[in-house]
Structures are given as structure tokens and as C-alpha cells.
Amino acid sequence: MKYDHKAIEKKWQDEWDRRSAFVAKNDYTLPKYYALVEFPYPSGQGLHIGHPRPYTAMDIIARKKRMQGYNVLFPIGWDAFGLPTENYAIKNKIKPQIITERNIATFKRQIKSLGLSFDWSREINTTDPSYYKWTQWIFIQLFKHGLAYKKEIAVNFCTSCKVVLANEEVVGGVCERCGGEVVRKVKSQWLLKITDYAQRLIDGLADLDFIERVKTQQINWIGRSDGAEIKFGTSAGDEIVVFTTRPDTLFGATYMVMAPEHTLVEKWISAGIIKNADEVRAYQAQAARKSDFERTELQKEKTGVRLDGVVAINPANGVSIPIFISDYVLATYGTGAIMAVPGHDTRDWEFAKKFGLPIVQVVADSSGAEVDVESGAYTETETGVLVNSDYLNGLSVEDAKKKIVEVLGEKGLAQPKVNYKLRDWVFSRQRYWGEPVPMVWCEKCGWVPLPEDQLPLLLPDLDEYEPTDTGESPLAKCEEWVNTTCPKCGGPGKRETDVMPNWAGSSWYFIRYCDPHCDNALASPEAVKYWMPVDWYNGGMEHVTLHLLYSRFWAQFLYDIGVLPYSEPYLKRTAHGMILGENGEKMSKSRGNVINPDDIVEEYGADTLRLYEMFIGDFEKAAPWSPASIRGCRRFLERVAALPELISGEGVTPELERDFHKTIKKVTLDIDNMKFNTAIAAMMTLLNKINDTGRLTKDEFATFITLLCPFAPHLCEELNQTVLGSSELISLAKWPEWDESKTVDEEVEIAVQINGKLRGTLVIPMGAEQAAVVAAVRADEKFAPMLEGKTVIKEIYVPNKLVNLVIK
RNA sequence: GCCGGUGUGGUGGAAUAGGCAGACACCCGGGACUUAAAAUCCCGUGAAACGAAAGUUUCGUACCGGUUCGAUUCCGGUCACCGGCACCA
């Protein structure tokens, strides 16, 4: 058969559509399988050559599961709210709705050209009011349960996008999206209390089949620290509470540091206690001006100001110690104040050196010997032993931690405490192209959520989307929309003008797929119970601390309020590696190494592109694009297309039959382990063997194209129809099974070693006994002379692999 | 600095409950077919040395060392690169 991919591919894509081949069945008695890929943001650039990699991988898994008899849900949709579309709208004076529609059309055409077995009847779009109605509904539930609240906070503000960013969106001190400068600004924002779920988000990971690097990255991001809170008295009468993970070192605390924003500073200045108030104010102002970027840049040199006129008292020994403010102490973590132990903390040591503060050693090495804390902090905790610490002397660090909290705890001065790095999720964006927050401000009632029958709260149709210079949302200009009545008291009210971040819609989309047209719930409880949780979710590493964490948080919340019957949405999570440019660098316009998938589909066909993206290397690792290598995949498919010429009526050959069983086993297991590259290599090897054999049976040919079908479905459908004369879809055929006994060869070639060095090979019957193998080696004309006159002092035999004779 | 990952031919990559390193493919070289080229097919292809040849030997999985009959795989140390976090007390 001449392999004309252009004629074949469109034909079968249409045929799959016509027969609704991949539509998931709503028969909840069938065994189900839910395979999920991260739905794309339909950007103006069109599909990236990286997209087909995870899509094809999950497509192969979905197709194989379907062929194995599962009712498979493999859905797709569009995560379409977001800044790039809005920025494009501003620049080109086109409505975001229209741009989004266009981009989706392009993406859809491109994705369809790849022959992915998505269930298009369940296509969703986060910007569709029937979808974001339920995003808004979830927000209201969060509000009703006290998990959404509005607060004046210092937020990350991108000066270029003019928008507030979540901590997760600030990368290296600059805006993740545009690279613009990020400054801190105080604004009233909606926040979601993800911190309430910090521990559950850690604990939940234990039983999930997530790849290890995803788990550790989430755990590190949540950042649990076990320690204690300790109260320090002051000469001003107020108490300073600190959080520390090293309460054992309390006797070594020689000064204290508070964040410049700490409320006590303000209180003491107003009370006239602080004598150098001007200096303190100047430092506060300077710290507030610094952007995150400057803070990290300037971190080498410690700065700070001593509060003159007030001292603290170390509760362990009653010693008076000075108090400083410094921006190396963060207002947002712990209590915003620390006890400084310069002998055993690197940061405190640097600060103490700079300000000439005393450095006291309270931990010695395991032998109890003094260590030098003048030239650097001693931070060893495993083997350290306490010294200069009264009743803690001689204890290990671990024991001392417990003891001191116990002793001070009795006086009410200390208690165990757990802290997390995770902060609440800043949920407001002062932009246009997002879900409106369904809340009304009423002077009398405060913030009031819209009643459910007023959802969705539609995004008004504007002509101007520019954010204002004050950082207010463009919606604020739309007075007829802003001014409304309070749903509670009927008095005048004003709508919230900020919109949700683009992480909102993607935090629950996998639930909507279960029942995408449901109009009285996120999805019907029966559908959710049947389809959820997602059996296998593949996505990028870049979403581990954002989307993946946020969506687990929402799922846990929805479980708590009885909407989801499972608290964890995804059973299994894997991550794909990036496709890099030919030069091994990340693909980008500026580097000029971008490959357009349309060109590849046009020249080689979708089947070749699919095959190549799976063959390129280890699925989890990044791999450079190679225009030369892709030809090898095309050649393989051409040889497959030529295979029918070899079909003969003669029976199977036992050797080839064994090769088939081995290949079925290998491909089946490799797909389950995402080892697509070796699965393809196995099929290539089998094809080479068929060509060497020179003939194969019709059944064997059918088996071959069934195995290959998930990888190159168009060609296999065509061969199934034209060569085998089938009117059924091979995409829905039964997956081949192997007979274990037929995967075993009768004879096997083993390695023969003498003194651990390879000396040759020997063919022996499969499963031969050690004595027989050694005898065969001794009798062999090649090995016998090597053994002559020597004594064998040890025989090592690994069945069917190797024999090693140690001689003297 | 901390956490995680990765280092294998000219290239992408195989092979680790320790057991014939380099599967499969790309590139390259030689040959067949062709007036010629492309395509296709066949053969070769880690390096070095010896040999007329079949072949033989030595070296070789970032580097140094250890355990073992045997190490790409395990252990200790070093270096390089990639990703994440980063004054989190």
C-alpha cells in the first residue's frame, strides 16, 4: 500500500466523529477509567510542539484501556480566561470573547489533526457562563464557610501588567508572565484560606500514586516546621511572642529581632517609649519601599535598627537583651519576631557580627568539646550536646527541645507550635478577562454573596479593558453594573469589581467533565461518584505548586461540604518532560527554534508526529527536537504499510510466534509504565524480524496493527479496513493478550566468564541446571584450554544469564 | 545555601532485586538499483592495538576510591549541568 497520510488521516478522524467512537458511556455499571491531561490555555500562538507529547501519551493510555474493555473518559476543554488574551484585546481593540473564540477554533483544528481520542461531546470552556456559574458558586460556598475573606494586605503588584499576583506567580522577584518588575502594594484583596488545609494537603499525599518529585515539591512548598512559641517579657510591659524551631538554644539568645512592620513598634513609638523613633521610622519606610526583587538582591548585607529605650528579658535566664528591627525577619511568617541565637544560626550570626553583639555557645559537638562560634554559627543538630544552659546541660538537642518547652510551658511562657510557609491564596485580580466575583458590598450588611438564582453573574460587555493607573479593575468604570441592590436587605449595594485569577476555572474542571451539561450542580452526584477520582492525570512540573495544589485544596473543601465523595481528586500523577529546540534550549520565538506542529503534520502526518514524540526519549525527561530522527519514525510506518505484501497462507513460524508474544507483553507493560520509547523500539524490532522471516500470517498482521493502533491510529485503521476488510474500528478492537509460556525461548545464549572476565558465550537449553552448564563449559573446545591445569575454586551460575568460574 | 534530578558512542537514547554495556533509531561510510539523483534495499559503524583475513587483545557508562567472583547499577567522596525553593527563624 502506498502510504498517503493526507488522504488517510482526515478520513479516519471524520469516521471516528461520525461513529462517536470515543464518547464515554453513561452506563455506570461498566468498569471505568478516567484519563486526564491538563486542558490548554488557547493562546494566540496556536498549539506548541510540546502539547502533543503529553496528549499523545495519555491518548495511548486511554486507547489501550478502551481496547481492554474499560469505559474510558478522556476529555478536553479550554482554560480560556487570562492575561495574554486581555492584553492582546487592549492592543488590537478586539473583544477578548472574539479572540478567545478564534484561538479555540485554531487549537481545536490543530488538536483534531493529531487524531487524539478525546470525547468532544464533553468539551468545556471556562469562559462560558454556564461553566463559570459554578466557579462562582464554589467561591460562594468558600465564603459561606469562612474560607474566603477580604483583607488589606501587602500584595505583589506587577507594574507592567498592572495586576496583583499570587506569591506563586512571582518568580525570582519578577512577574512570571511578563517578567515585569513586581513591587509591594497594600490593597484590599479576596483571599482563600488554603492554609487551613496545609496539613491535609501534606497528609493526603501519602496514599497517592504521585511521582516522588511532585510530592516533595508540594511538601517543600507547604513547608511545615515544628517548633515552639516562646514569650519574652519587655521593659515596656508588653510581651513579644517568637516562633522558633530551636527552643533548646534559648540560653544562647542574646538579642531579639522584630519585622519592621511589627505592631508593637508602632505602639511603642506612639507611647513615646522609643527614643530613636525618627531613625526607626526611616528604616521602616526604607524597608516598605523595597520590592521583593530588591529584598532578595540586597540580602547579602544585614541591616537593622536597635530600639532605644526598651529591652527584652530572656525567660530562661532573666538576662536583659536588646531588641532590633530588621527586614531579614518577615512579618508574614511565624509571629513576625524572633529570638536571635548568633552562636547557632547563620543569619543571626551575620547580624551579630555586624552590630557587635555577644555570641554565646550553647551547643557543643558530640564529645562535649567547645566549638568555635566566633568564626561561624554551629548549626549541627544531630550530634550536638547542650552546654552553658543550666538544666539543659548534657542533653541532646532533641531532648533539650522537649525539656525547655516543658519547663517554660508550666509557667505559661512556651508551647509547641507548627508553622507553614504556605500563605493564603490571593484571589483578586484587578483585570477584566476573568470570572466576576459574585459579591455585593452593602454599607449595612457588609459583604453579601449573590443568591444562587442570580448566578451566573455575567461579565459585562465593555469596550475598554485597560486597567486603571490606580490599579483598579476596568469593571469599576462600568457604573450600571457596579451599582446594584443588596441581596440581603434590598438597600443600595456595590458589586465587587475585581475578577478571579485564571487558576479558578482550572481548580475544578475535572469534575465538570463528569457531567458537562448539568445545569443544577457542578455535575450530578451519580456522575461524579462514578467517574471520580481521576485515575491518571498527567501534566507539567510547572503546575505542581499552583494548579495541582489549588485543585487539591478545592477538592478537599468540596469533599468537606458533601459535594465530592472523595477528598483527593487524582489517584495518579505523572509529569512529562519538555520538548526543547534542536539546540537543546527551550523553544521560543526569540531563539528562533520554534517548530510548528502543523508543518510536521503536513509533511509527515499525525501518526509520524505521534510516534516520534513518544520515541524521542524518556517521557519524563526533556528532549531536544530532531528533524533528522523524525524520518526514522516515518520510515517505520512506511514499512508497516508495506507489510501486507508479506502476508501468506503458510502457517506461523514458531520463532516469529514467540516474538509476537514477547512483543505483546513488552508493549502492554511498557505503556502502563509510560515507557513508550522502548515499546516502539520493541515493535520496530518485531517488524525487522518479520522482514527477516519474509512472511507472516493474516492473524499475525492483525495483531501487529492492533498493537500499533494506540500509537499510529490512522494508518492502523486504514490497514484494518483495506487489508483485513474489516468494517469495525480497530481503535475499538480487543487488545491482544500474550501467552506467558510462548514468550520463553527453548534455547538461550549465556555469558561465560572466567575470573569475572567475559571469555565468550554458550548456547544452552532454557532452564538448564548448573552442573550441566559447567560441564558444557568444560567440554567446550574454546573454554577447555583456559581451564587446563587450573583448579575451579568457585562456580557462580545465574540461570539463563551467565556462568562464572573462579580458577587458580 | 537548601531540596530534587541528571551525567552512557558522532547524536537521541536502551540495559540497574549487581550478571554479555550501547537495544531501537538518527547521522555517517560502503554496496545494489538508476543514464543520473532522490527514494528504497543490503552491509558496516564505541575507541585503540595486532592481524592478509576470519579474528584476537586492551580500554571504555563524568572523576577518585570502596564492597564483590563480577559494578553503568550498591556505598563514600569530588566535579559539572538542569529544575524547584530561597533571610521561612
Side-chain angles (χ1 to χ4, degrees), chain A residues 171-173 211-221 223-225 227 242-247 249 253 257 259 295-296 298-300 302 326-330 332-341 344-348 350-351 419-423 541-542 544-545 575 577-578 580 582 584 586 611-612 615-618 620-633 635-636 638-639 642 675 677-688 691 749-762 793-807:
Chain A
V171 174
I211 53 171
E212 217 43 49
R213 56 195 175 122
V214 169
K215 284 192 184 183
T216 52
Q217 221 176 95
Q218 286 207 341
I219 289 168
N220 290 346
W221 183 262
R224 180 189 162 115
S225 295
V242 304
F243 172 74
T244 177
T245 55
R246 294 295 305 278
T249 61
V257 188
R295 274 203 176 193
T296 49
L298 297 171
Q299 76 186 46
K300 297 144 211 154
K302 295 272 182 292
S326 170
D327 63 7
Y328 88 89
V329 171
L330 308 173
T332 47
Y333 183 76
T335 61
I338 62 155
M339 64 181 216
V341 185
H344 305 285
D345 181 281
T346 316
R347 297 151 301 178
D348 297 343
E350 286 167 11
F351 191 88
N419 257 314
Y420 301 89
K421 282 189 223 173
L422 187 71
R423 319 262 174 91
M541 281 309 287
E542 70 274 21
V544 167
T545 54
M578 266 196 298
L580 304 171
E582 220 182 314
K586 202 171 162 177
L611 202 67
Y612 176 60
F615 189 62
I616 194 166
D618 185 336
E620 294 209 351
K621 289 187 199 134
W625 181 263
S626 163
S629 295
I630 193 169
R631 275 179 235 133
C633 291
R635 269 178 218 152
F636 169 69
E638 278 169 4
R639 284 194 284 255
K675 304 194 78 165
N677 52 341
T678 51
I680 293 166
M683 288 187 281
M684 287 173 168
T685 305
L686 180 60
L687 180 82
N688 292 343
N691 282 329
E749 192 184 58
I750 65 162
V752 178
Q753 294 185 346
I754 291 172
N755 287 343
K757 282 219 175 260
L758 182 69
R759 290 297 160 188
T761 59
L762 195 65
I793 54 173
K794 196 169 182 184
E795 292 174 6
I796 292 118
Y797 178 57
V798 183
N800 305 324
K801 288 258 179 182
L802 161 148
V803 61
N804 182 15
L805 300 178
V806 185
I807 63 172

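Order of the sequence lines sets the chain letters (A, B, ...), proteins ahead of strands, with each chain counted from 1.
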Enquirer: Would you give the length of the straight line joining atom CG of A:Leu580 to atom OG of A:Ser626, rounded to the nearest 0.5 angstrom?
Expert: 12.5 Å
Enquirer: Please state the P separation for the pair B:G66 and B:U73 - nearest whole angstrom.
Expert: 14 Å
Enquirer: Scan A:Val798 against the nucleic acid and name what it touches under 4.0 Å (heavy atoms): base, sugar-phosphate only, or nothing.
Expert: base
Enquirer: Kindly compute the distance separating CZ (A:Arg224) from CG (A:Leu422), expressed to the nearest 0.5 Å.
Expert: 13.5 Å
Enquirer: Let me spell it out: for each of A:Ala623 and A:Asn419, pick the nucleotide of RNA chain B with the closest heavy atom. Which residue's pick is nearer the 5' end?
Expert: A:Ala623
Enquirer: In terms of base orientation, is B:G9 syn or anti, with the syn window spanning 90° either side of 0?
Expert: syn
Enquirer: Can you tell me the Watson-Crick or wobble partner of B:A21, both distances under 3.5 angstrom?
Expert: none
Enquirer: Let me know the distance between CE of A:Met578 and C1' of B:C82, rounded to the nearest Å.
Expert: 9 Å
Enquirer: Across the strands shown, which category fits A:Glu749 at heavy-atom distances under 4.0 angstrom: base, sugar-phosphate, nothing?
Expert: base
Enquirer: One character per nucleotide, please: for nucleotides 22-27 of chain B, 5' to 3', B when the base has a protein heavy atom closer than 4.0 Å, S when only the sugar-phosphate does, - otherwise.
Expert: -BBSSS
Enquirer: When the distance from NZ of A:Lys757 to C1' of B:U56 is rounded to whole Å, what number comes out?
Expert: 14 Å
Enquirer: Going by the angle between their ring planes, with limits at 30° and 60°, are A:Tyr612 and A:Trp625 parallel, tilted or perpendicular?
Expert: perpendicular
Enquirer: Calculate the interatomic distance between A:Glu620 atom CD and B:G5 atom C1'; express it in whole Å.
Expert: 11 Å
Enquirer: If you measure from the C1' atom in B:U61 to the same atom in B:C20, how many Å do you get, rounded?
Expert: 15 Å
Enquirer: Tell me which nucleotide, if any, is Watson-Crick or G-U wobble paired with B:C81 when both distances must be under 3.5 Å.
Expert: B:G5
Enquirer: Over how many whole Å does the gap from A:Ile616 atom CD1 to B:A14 atom P extend?
Expert: 12 Å
Enquirer: Which pair of heavy atoms, one from A:Val242 and one from A:Thr335, lies closest together, and at what distance?
Expert: CA-OG1, 3.4 Å
Enquirer: Using the closest heavy atom to pick a nucleotide of RNA chain B for each, name whichever of A:Lys621 or A:Leu802 lands nearer the 5' end.
Expert: A:Lys621
Enquirer: Under a 3.5 Å limit for both distances, which nucleotide forms a Watson-Crick or G-U wobble pair with B:U40, could you say?
Expert: B:A32
Enquirer: Taking the same atom, C1', in B:G22 and in B:U8, what whole-Å distance lies between them?
Expert: 8 Å
Enquirer: Rounded to whole Å, please give me the gap between CD in A:Glu350 and P in B:A89.
Expert: 16 Å
Enquirer: Could you tell me whether A:Gln753 contacts a base, only the sugar-phosphate backbone, or nothing, with contacts defined as non-hydrogen atoms closer than 4.0 Å?
Expert: base
Enquirer: My understanding is that a pair needs two contacts under 3.5 Å, Watson-Crick or G-U wobble. By that rule, which nucleotide pairs with B:G46?
Expert: B:C59
Enquirer: May I ask you to say what A:Ile796 touches in the nucleic acid, namely base, sugar-phosphate or nothing, with a heavy-atom cut-off under 4.0 Å?
Expert: base
Enquirer: Tell me whether the side-chain N/O atoms of A:Lys794 come closer than 4.0 Å to OP1 or OP2 in B:U68.
Expert: no
Enquirer: Distance check, P atoms only: B:G70 and B:A14, in whole angstrom units.
Expert: 29 Å
Enquirer: For A:Arg246 versus A:Met339, what's the shortest heavy-atom pair and its separation?
Expert: O-CE, 3.6 Å
Enquirer: Any idea which heavy atoms bring A:Ala259 and A:Leu330 closest together, and the distance?
Expert: CB-C, 3.9 Å
Enquirer: For A:Phe351 and A:Tyr328, which heavy atoms make the closest approach, and how far apart are they?
Expert: CD1-CE2, 3.4 Å
Enquirer: Please determine if a side-chain N or O atom of A:Lys801 lies less than 4.0 Å away from the OP1 or OP2 oxygen of B:A17.
Expert: no
Enquirer: In whole angstroms, how far is the P atom of B:G83 from the CG atom of A:Asn220?
Expert: 17 Å
Enquirer: When the C1' atoms of B:C43 and B:G4 are compared, how many Å lie between them, rounded to an integer?
Expert: 46 Å
Enquirer: Looking only at heavy atoms, which two atoms of A:Thr545 and A:Gln217 are closest? And how far apart?
Expert: CG2-O, 4.1 Å
Enquirer: Look at all strands and tell whether A:Lys675 reaches a base, only sugar-phosphate, or nothing, counting heavy atoms closer than 4.0 Å.
Expert: sugar-phosphate
Enquirer: Between B:C85 and A:Lys421, counting only base atoms on the nucleotide and side-chain atoms on the residue, is there a donor-acceptor pair under 3.5 Å?
Expert: no
Enquirer: Can you check the distance between B:G46 and B:C42, where both ends of the measurement are the C1' atom (answer in whole Å)?
Expert: 23 Å
Enquirer: Please measure how far the P atom in B:A71 lies from the corresponding atom in B:C81, and state the result in whole Å.
Expert: 30 Å
Enquirer: Looking at every heavy atom in both A:Ile680 and A:Leu611, which two are closest together, and how far apart are they?
Expert: CD1-O, 3.6 Å
Enquirer: Expressed in angstrom and rounded to an integer, what is the separation of A:Arg246 atom CZ from B:C87 atom C1'?
Expert: 17 Å
Enquirer: Look up atom CH2 in A:Trp221 and atom NZ in A:Lys421, then write down how far apart they are to the nearest 0.5 Å.
Expert: 9.5 Å
Enquirer: Could you check how far OH of A:Tyr797 sits from C1' of B:C20, rounded to whole Å?
Expert: 14 Å
Enquirer: Identify which nucleotide among B:A15, B:A14, B:G19 has an atom closest to any side-chain atom of A:Asp618, counting heavy atoms from C-beta outward.
Expert: B:A14
Enquirer: Quote, to the nearest angstrom, the P distance that separates B:G76 from B:G83.
Expert: 27 Å
Enquirer: Can you tell me which nucleotide in B:C59, B:A89, B:G12 comes closest to the side chain of A:Pro624?
Expert: B:G12
